[in-house]
Structure formats: C-alpha cells, structure tokens
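Count residues from 1 along the sequence.
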Amino acid sequence: LSSAGNAQILGVKGGLSFANGKYKIYETKMPVNSLTGFTPGIIGELPVSESFYLNTGVLYIKKGTRKEVSGGEEKIRIRYLEIPVNIVFKYDFVTWKIFAQAGPYIGVGLSARIKSGDDKVKVEFGTEASEYNRADFGINIGGGFEIDNVQIGVNYGSGLRNISNSHREVLRNRVLT
C-alpha cells in the first residue's frame, strides 16, 4: 500500500527463509545444513532523497541450524521478532526499479527448541550455560527489483552475536530470505 508523492510506503512482506547458523564447539567448526521457514512481516519505507530510502519493519522469522550428531541429526530452531533498519538505493528504469539495501537488525527471541530424533527440548532464554541469549543482532544485505510497489528480492542476514551462553559453544545466526 502506498500514498502519493514522496510519502512513506507501508506494506506486508512474506517469503521463505533458509537458516544456516554458524556452529562451533570446542573451537571446531561443525558442518551444518539449513532449516526452511516462512517469514511474514510488516514493512515501511520512507524516502530520504530521490534514490535513497530508509526501510524498516517487524518480521517473524525462524533461525537456527541443522547439524549432524552421533546417531542422527539435531535441529536448533529459534523464532525471533526481528527489526531491520536498512538504507535502500533504487535505480529507476521508468516502469520498474532495481534496489540494493544494507543495514543492521536486532532480533528478540520468542522461543527456542532443540530436536534430536524424537526428543524435543525447550531452551529458555537467560544467562545460564544451558540457555540462549534472547537478543540477536547483525547485518543485512540484499537486493532485487520493484514493479508498482511490489518488491521481489533476496536478503542475507549475518548474526554478530553468539547466542549461546555455553563457554564451549558458538552459535551465530545466518539466514537467507
């Protein structure tokens, strides 16, 4: 949805997400596989100049990773409410535009679970070694094209914070949406 002129643009966002977190244990990087999810949200865009915009919103996103463990596979699923703040550059081709965007994000953990085989364990947020940090933050970069205020694009988010509190474990979110 948009209003006329250089006013702000509000809209909805939806698409697939492929989470593929960075996982280390005892300084050893572990091979990981992606988790697939759906990312709905509300976004807003405010023009700063003719070609630059400020883009932000609120997204519900699944992050985490899948990793091989002895005897099977373990899935670490963490759901976040994420707020990205991106600077967007758009180049106008009269009937359509291309865009590139980059900026920081902050996420607030809503729930976390680890599934190994038939076992499911809820992980709490807090400061104990068995808990995850509730807050996540990182950098986004992306691009795509826009036709009549409908955007089709790809975005990559790279987490800067270790969300694990265990001294032997490093878990940083990485997600392609």
Side-chain angles (χ1 to χ4, degrees), residues 1-4 7-23 32-48 52-67 73-90 96-115 120-126 131-164 171-177:
L1 303 174
S2 68
S3 43
Q8 65 187 10
I9 297 171
L10 297 174
V12 294
K13 180 176 183 172
L16 292 176
S17 63
F18 303 96
N20 196 0
K22 178 180 178 183
Y23 188 80
V32 294
N33 297 306
S34 65
L35 290 172
T36 304
F38 181 70
T39 303
I42 298 170
I43 58 169
E45 199 167 81
L46 182 66
V48 177
F52 286 94
Y53 297 78
L54 180 65
N55 175 295
T56 190
V58 177
L59 307 173
Y60 177 78
I61 188 166
K62 178 170 77 173
K63 296 185 178 182
T65 195
R66 284 188 312 143
K67 62 186 179 88
E73 178 181 78
E74 186 174 87
K75 295 179 182 178
I76 301 171
R77 294 182 175 135
I78 310 161
R79 288 174 170 69
Y80 288 93
L81 199 61
E82 184 174 286
I83 301 170
V85 179
N86 293 311
I87 297 294
V88 182
F89 173 77
K90 293 184 182 181
W96 62 283
K97 300 174 184 175
I98 60 171
F99 68 90
Q101 64 184 16
Y105 75 82
I106 186 162
V108 177
L110 301 175
S111 68
R113 296 197 189 292
I114 297 175
K115 181 180 179 193
K120 294 180 185 177
V121 177
K122 180 179 178 183
V123 179
E124 298 294 329
F125 295 105
E131 299 173 330
Y132 288 155
N133 290 307
R134 184 176 297 276
D136 179 36
F137 56 86
I139 302 168
N140 283 316
I141 188 166
F145 63 93
E146 177 180 311
I147 301 172
D148 295 328
N149 290 333
V150 175
Q151 292 182 347
I152 298 175
V154 64
N155 192 69
Y156 181 73
S158 181
L160 299 176
R161 182 173 198 194
N162 179 11
I163 60 168
S164 175
L171 177 57
R172 287 193 172 90
N173 286 312
R174 307 281 191 262
V175 66
L176 183 68
T177 57

Of the options N173, D136, N155, N140, which is the one that meets Y105 in a side-chain hydrogen bond (donor to acceptor under 3.5 Å, both in side chains)?
-> D136

Compare every heavy atom of A112 with every heavy atom of I78, then report the nearest pair and how far apart it is.
-> CG1-CB, 4.1 Å

Contact summary for L54 and V48, nearest pair of heavy atoms | N-CG2, 3.9 Å

CG (L176) and OH (Y156) are apart, to the nearest 0.5 Å, by 8.0 Å

Search all heavy atoms of L171 against all heavy atoms of N162 and return the closest pair with its distance.
-> N-OD1, 2.9 Å

Under the 3.5 angstrom rule, does the side chain of R66 hit a backbone N or O of E73 as a donor-acceptor pair?
-> no

Distance from K63 atom NZ to S34 atom OG, nearest 0.5 Å?
-> 14.5 Å

Should we count CD1 of I42 as having more than 12 external heavy atoms under 6.0 Å?
-> no

Applying side-chain hydrogen bond (donor to acceptor under 3.5 Å, both in side chains) to R79 and not counting sequence neighbours gives Y60

Pair F125 and Y132, ring centroids less than 6.0 Å apart = no

Should we say atom CD1 of I139 is surrounded by more than 12 heavy atoms from elsewhere, each under 6.0 Å from it?
-> no

Stepwise, does the side-chain contact (heavy atoms from CB on, under 4.5 Å) test hold for N20 with V175?
-> CA-CA 6 Å; N20 196 0; V175 66; over 6 Å; no

Would you name the heavy atoms of G64 and L35 that are closest together and state the gap between them?
-> C-CD1, 3.9 Å

CD-CD1 distance between E82 and I106, expressed to the nearest 0.5 angstrom = 10.0 Å

Could you tell me the separation between the CG atom of N33 and the NZ atom of K75, rounded to the nearest 0.5 Å?
-> 10.5 Å

Should F38 and K62 be marked as a side-chain contact (heavy atoms from CB on, under 4.5 Å) after you check the CA-CA gap, both sets of side-chain angles, and the distance that decides it?
-> CA-CA 7 Å; F38 181 70; K62 178 170 77 173; over 6 Å; no

Atom CD of E74 and atom NZ of K115: how far apart are they, to the nearest 0.5 Å?
-> 12.0 Å

Please lay out, stage by stage, how T177 and L59 fare under the test side-chain contact (heavy atoms from CB on, under 4.5 Å).
-> CA-CA 11 Å; T177 57; L59 307 173; over 6 Å; no

Is the F89 ring parallel, tilted or perpendicular to the F52 ring (thresholds 30°, 60°)?
-> tilted

For the student: nearest non-hydrogen atoms of P84 and G57, plus distance = CD-O, 3.5 Å

What distance separates N55 CG from K13 NZ, expressed to the nearest 0.5 Å?
-> 7.0 Å

Whether R174 side chain and G159 backbone form a donor-acceptor pair below 3.5 Å | yes

Could you tell me which non-hydrogen atom of R172 sits nearest to which non-hydrogen atom of L160, and how far apart they are?
-> NE-O, 3.2 Å

Evaluate the side-chain contact (heavy atoms from CB on, under 4.5 Å) criterion for residues E45 and Q151: first the C-alpha distance (whole Å), next the side-chain angles of each, then the deciding distance (0.1 Å), finally the verdict.
-> CA-CA 12 Å; E45 199 167 81; Q151 292 182 347; 3.5 Å; yes

